[in-house]
Amino acid sequence: MSIRENLERVRERIAKAAERAGRSPSEVKLMGATKSVPPEKIREAAEAGLRLFGENRVQEGINKMEELEGLELEFHFIGVLQSNKVRKAVEHFYAIHSVSSLKLAKKIDRVAGEKGIVYPVFFEINLSGEESKSGFLPEEFFSALDELSSLSYIKPIGLMTIPPLGKDPRPYFVKLRETLERIKDRFGPDFKELSMGMSDDFEIAVEEGATIVRVGRAIFGERK
Ligand SMILES: *Cc1c(COP(=O)(O)O)cnc(C)c1O
């Protein structure tokens, strides 16, 4: 299967899942998750109409952006972000989905402030409480809300989660949606995105309200 065919299939599956849930397929943005995917394949996907991409490593992402310059793609950062890479990430990526602690949010805020910009972020929530996972624990997130909403140079636009492996993901997607609904008023009208769903579960995520699905293998094939 070519990347174009894979993309068509994934788009169809998103559309069907949206219809099942009474949603319009246009409410769901498809992001290509391209860690370890070479730029030629990203170009193929771009030629088949994909514009939004997610990278897990700052330098790997920047290298690809440089190779693909001129294509007008939008790259988001979706991986674990180390504090010393924040500046580079903010300079090159359109948004960060994996803001996983108050400390990281403050660092992004400081860097954006120095640059005189307001930078779009998602808060990553660790809904399973697994220690190996990054993200705010829910109670940690709720108690950080006052401080988070006082940061002037980040613009929170949504929440992100990765459900635990090997479990039914649906309750985690439901929980993320409920969390967003519960705190919607804290961050203004642009705070509405739910970044959830990957190759094995994006249809369930769409049924439960995802506005951005991050799909790697179903588009680009298995990673080496
Ligand atoms: C790798 C990755 C994805 C995509 O995973 P697939 O199973 O290949 O679809 C999505 N989100 C994040 C944060 C990832 O690291």
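Whatever order the structure lists them in is the order used to number ligands and atoms, beginning at 1.
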Show me which atoms of ligand 1 lie under 4.0 Å from any heavy atom of [X].
{"X": "Val215", "result": "9 (O)"}
{"X": "Ile78", "result": "11 (N), 12 (C), 13 (C)"}
{"X": "Asn56", "result": "14 (C), 15 (O)"}
{"X": "Ser199", "result": "6 (P), 7 (O), 8 (O), 9 (O)"}

Next on the checklist: Can you check which of Lys35, Arg214, Met198 brings a heavy atom nearest to atom 2 (C) of ligand 1?
Outcome noted: Lys35

Item to check | Protein heavy atom at shortest distance from atom 7 (O) of ligand 1 | outcome: Arg217 NH2, 2.8 Å

Next on the checklist: Just checking Phe93 against His76, ring centres under 6.0 Å apart?
Outcome noted: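 Here the rings of His76 and Phe93 have centres that are no less than 6.0 Å from each other.
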
Checklist entry - Do the side chains of Phe122 and Val215 join up, straight or via other hydrophobic residues, at under 4.5 Å, putting them in one cluster? => result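 No, separate clusters.
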
Item to check | salt_bridge(Glu91, Lys115) N-O dist < 4.0 Å | outcome: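 So Glu91 pairs with Lys115 through a salt bridge.
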
Item to check | Sidechain N-carboxylate O distance under 4.0 Å for Arg9, Glu5 | outcome: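 Looking at Arg9 and Glu5, the cut-off is not met.
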
Checklist entry - Once you round to the nearest 0.5 Å, how far does CG of Leu30 lie from CD1 of Ile219? => result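 Going from the CG atom of Leu30 to the CD1 atom of Ile219 covers 4.5 Å.
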
Checklist entry - If you round to the nearest 0.5 Å, how far is CZ of Arg110 from CZ of Arg87? => result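 Output value for this atom pair is 8.5 Å.
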
Next on the checklist: Checking contacts here: is it the side chain or the backbone of Ile162 that comes within 4.0 Å of ligand 1, counting heavy atoms only? Could be both or neither.
Outcome noted: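 The part of Ile162 near ligand 1 is the side chain, not the backbone.
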
Checklist entry - Quick one: does ligand 1 sit under 4.0 Å from the side chain of Ala33, the backbone, both or neither, non-hydrogen atoms only? => result side chain

Checklist entry - What do you reckon, does Arg223 put a non-hydrogen atom under 4.0 Å from ligand 1? => result yes

Item to check | Polar contact flag for Asp200 and ligand 1 (N/O pairs, less than 3.5 Å) | outcome: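 Asp200 vs ligand 1: no N/O contact under 3.5 Å.
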
Checklist entry - Given side chains that start at C-beta, do those of Phe77 and Val58 come closer than 4.5 Å, heavy atoms only? => result yes

